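Beneath this line is the structure, given in structure tokens, with notes to follow.
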There are 2 protein chains.
Amino acid sequence: MATIQDVAKKAGLSRTTVSRVINEHPYVTEEKKRLVTQAMQELNYVPNSSARRLRRQQTETIAVYVPRITNPFFSHLVEVMEKEAAKKGYQLILCQTRYKKEQERNFLELLKTKQVDGLILTSIENDWSEFEPYLSFGPIVVCNEYSDSAQVPSVYLNQIEGSYLGTKHLIDQGYTKIGYCTGNHKSSRVSKDRKIGFLQALDEAGIMMKEEWFFYNAYSVQDGFAAFKKLSELDDKPQAVFTGSDEVAAGIAKAAFDAGWRVPEDLAIIGFDNQPLAALMDLTTVEQPIDTIAKQAMNLMVEAIQAKKPLSRKEVILPFQLIKRSST
Amino acid sequence: MATIQDVAKKAGLSRTTVSRVINEHPYVTEEKKRLVTQAMQELNYVPNSSARRLRRQQTETIAVYVPRITNPFFSHLVEVMEKEAAKKGYQLILCQTRYKKEQERNFLELLKTKQVDGLILTSIENDWSEFEPYLSFGPIVVCNEYSDSAQVPSVYLNQIEGSYLGTKHLIDQGYTKIGYCTGNHKSSRVSKDRKIGFLQALDEAGIMMKEEWFFYNAYSVQDGFAAFKKLSELDDKPQAVFTGSDEVAAGIAKAAFDAGWRVPEDLAIIGFDNQPLAALMDLTTVEQPIDTIAKQAMNLMVEAIQAKKPLSRKEVILPFQLIKRSST
DNA sequence: CGAATTCATGAAATCGTTTTCATAATCAGA
DNA sequence: TCTGATTATGAAAACGATTTCATGAATTCG
């Protein structure tokens, strides 16, 4: 491997001048520039990134936390972020937390040991106080999730509004017995807010909710199957069900279909996210503008890194959209 | 930020000794070890990874090439790889080539500039000769794809066998007019082999194929819609269709359903991959053992990095499995 | 008991850049 | 023509670790 020293020697110049050419600094004559470029080519030279990182004290790399990359919502988010980052000369390190607190904490070392310039969190398992101390090592941007105590920028959607929108739609269609089927409702702020919006819509319409119509811990298609089973065994069954994701909605729809139910006549179903799956299964769903969230979050991050000063709290709240299909 | 020097001073020892403690080298008394650990804690010290990378000449990072992370097949692959890599202390850098030759070549700089220790390719757009020269910078492992000229390990499936398996199944079910709907059939070896296996099965059964029953450039659900449209407008329609992915199969199934066709009576459909989507749509499909491919590829890579010697050609060929559902 | 190992530690070299500082040469303005 | 700014270049310091080499102390062996 040729080093900058070799290039310098070959070109009959100093390391400094070579470095200047590489980094496009001013004050190098065309003549020398040519000499250096030629030497670099002949030696097949490329600057060593570890050395550059050390000297520059920056890595041009950003860590992105997701629970699991196979979740279409997150893979979509990551796809757009990677594209955006590459455009600006940054790379992405993928961190799958697997919904585990410990796993999430482990990855924090990346920032501390200066392996990345910053962190984007798309889901949060730990309390914010776990992240707080790491802010001194580099910027953190929250995306999709949010936390009241986090003193960093957050790009997110008002989930209260989103679930309100979906629930209101069900109510407008005339359903009065509405089930609720989502993931965890305790830890994540997203889940909490979704529930608030749901209840708010019911409340405004003066509709009652039964405890047995709540189904929790539903994330996947499989979970949707299970939820339908429970639902179908109730004496007093809901006429419609609000879900936290298109996968769950699809699972319920499939199970209902297999059981000979008609959708939406016997059971109306509304999904969340507007994934390709939703179109495929003709599911009404609440769309989140994933592209925009991802881009905004990445832009904030790159800005923060380049400005080299800590980010302050800032909220970017984007709107939802209802996609009406035949499942409601 | 505290450096190793600060720790050394605080502990009243040399950098060398501190480094020994960090890296768990022998020949340090318990007494000093304790001193160092304490100093590290008090100063909240963590070793700077850039410096370590520079000195050690390795990055503990692996680049993974995928076309798009939103493609469930690849996101599944990456999920498993990341898990496996993390277990061994490596990180993953995500490189989306977007099926573009140029994009793919761009990412090669990562290896050249020593930003990663090695490359795993899960899809190949360029000719192998483009990769060849980069082998001197670090190991490359091919996964899922394969190339005859590549002098590196490849973990893959015999796609001839896979499509043969699926096609044979259709034939066994009694279909004699079989359509073929996949992605590109020219550039990628995977596609080429799939076609060979398909034709082989037909040939063995003495079944004829019509030119108009080939549908190419089908990757997504949308493409499936389009393919069905073309298919349904034919005078002589196939009774069954072999597809290159579950998404395409799902698209065809959905379009067929919307057009009032019954599956499999009016049109039998077979998918590829056995994604959750296939279960949801009740699609018969050819399963690829993604977990195994991913793990094996990652293990080979880590081995190569740690052995520090170039990898030689080696083939790991894994078996397919037919998942029978109601679409055939 | 002396010689040969093994253990324990530190000084200094090293990894390959970028950046600071010094200096010389050129240029512009009065 | 002299002065001060601007342009062009290189020597050396810095980034923060690991590794090599040297050295003395402790231990083992014949």
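Sequence lines set the chain letters: A, B, ... in the order given, protein chains first and strands last, and positions in each chain run from 1. The shown structure was predicted, so the numbers you read here are calculated from the model rather than taken from an experiment.
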TODO: Measure from NZ on K114(A) to C1' on dA17(D) and round the result to the nearest Å.
DONE: 14 Å
- [ ] Would you mind telling me which residue lines up with the more 5' stretch of DNA chain D, N23(B) or R56(A), judged by nearest nucleotide?
- [x] R56(A)
Task: Whole-Å gap separating P (dA17(D)) and NZ (K9(B)) - done: 14 Å
Open item on the list: What is the distance, to the nearest angstrom, from the CG atom on L54(B) to the C1' atom on dG16(C)?
Closed with: 6 Å
Task: Sugar-phosphate only, base, or nothing, as touched by S19(A) at under 4.0 Å among non-hydrogen atoms - done: base
Open item on the list: Is the phosphate of dT9(D) approached by K32(A) (side-chain N or O, under 4.0 Å from OP1 or OP2)?
Closed with: yes
- [ ] Provide, to the nearest angstrom, the distance between the CZ atom belonging to R52(B) and the P atom belonging to dA17(D).
- [x] 9 Å
Task: Shortest side-chain distance from S14(A), nucleotide among dA17(D), dA8(C), dA11(D) - done: dA11(D)
Task: Distance, rounded to the nearest Å, where D6(B) contributes CG and dG16(D) contributes C1' - done: 10 Å
Open item on the list: What is the separation between atom CG on L13(B) and atom C1' on dG10(C), rounded to the nearest whole Å?
Closed with: 10 Å
- [ ] Classify the nucleic acid contact of R53(B) as base, sugar-phosphate or nothing, counting any heavy atom under 4.0 Å across all strands shown.
- [x] nothing
- [ ] Have a look at V18(A) and say if it touches a base, only the backbone sugar-phosphate, or nothing, with a 4.0 Å heavy-atom cut-off.
- [x] nothing
Open item on the list: Please check if the number of heavy atoms outside K9(A) that lie under 6.0 Å from its NZ is greater than 12.
Closed with: no
Task: Pair N48(B), R53(A): side-chain N/O donor-acceptor within cut-off below 3.5 Å - done: no
Open item on the list: Once rounded to the nearest 0.5 Å, what's the spacing between atom OG of S154(A) and atom CZ of R189(A)?
Closed with: 9.5 Å
- [ ] By nearest nucleotide on DNA chain C, pick out whichever of R15(B) and Q57(B) is the more 5' one.
- [x] R15(B)
Open item on the list: So, does T3(A) get its side chain near the phosphate of dC15(C), meaning an N or O under 4.0 Å from OP1 or OP2?
Closed with: no
Open item on the list: Please report the distance, rounded to the nearest Å, between CZ in R55(A) and C1' in dA17(D).
Closed with: 15 Å
Task: First of T16(B) and A51(B) reached from the 5' end of DNA chain C, by closest nucleotide - done: T16(B)
Open item on the list: Assess the residue pair Y156(A) and E315(A) against the criterion (side-chain hydrogen bond (donor to acceptor under 3.5 Å, both in side chains)); give the C-alpha distance rounded to whole Å, side-chain angles, the decisive distance to 0.1 Å, and a yes or no.
Closed with: CA-CA 8 Å; Y156(A) 63 92; E315(A) 300 190 322; 2.9 Å; yes
Open item on the list: Please confirm whether the shortest side-chain N or O distance from T29(A) to OP1 or OP2 of dT7(D) is below 4.0 Å.
Closed with: no
Open item on the list: Which label fits Y65(A) and F107(A): parallel for a plane angle under 30°, tilted from 30 to 60°, or perpendicular past 60°?
Closed with: perpendicular
- [ ] Look at all strands and tell whether V21(B) reaches a base, only sugar-phosphate, or nothing, counting heavy atoms closer than 4.0 Å.
- [x] nothing
Open item on the list: If I take atom OH in residue Y27(A) and atom C1' in nucleotide dT19(C), what distance separates them, rounded to the nearest angstrom?
Closed with: 16 Å
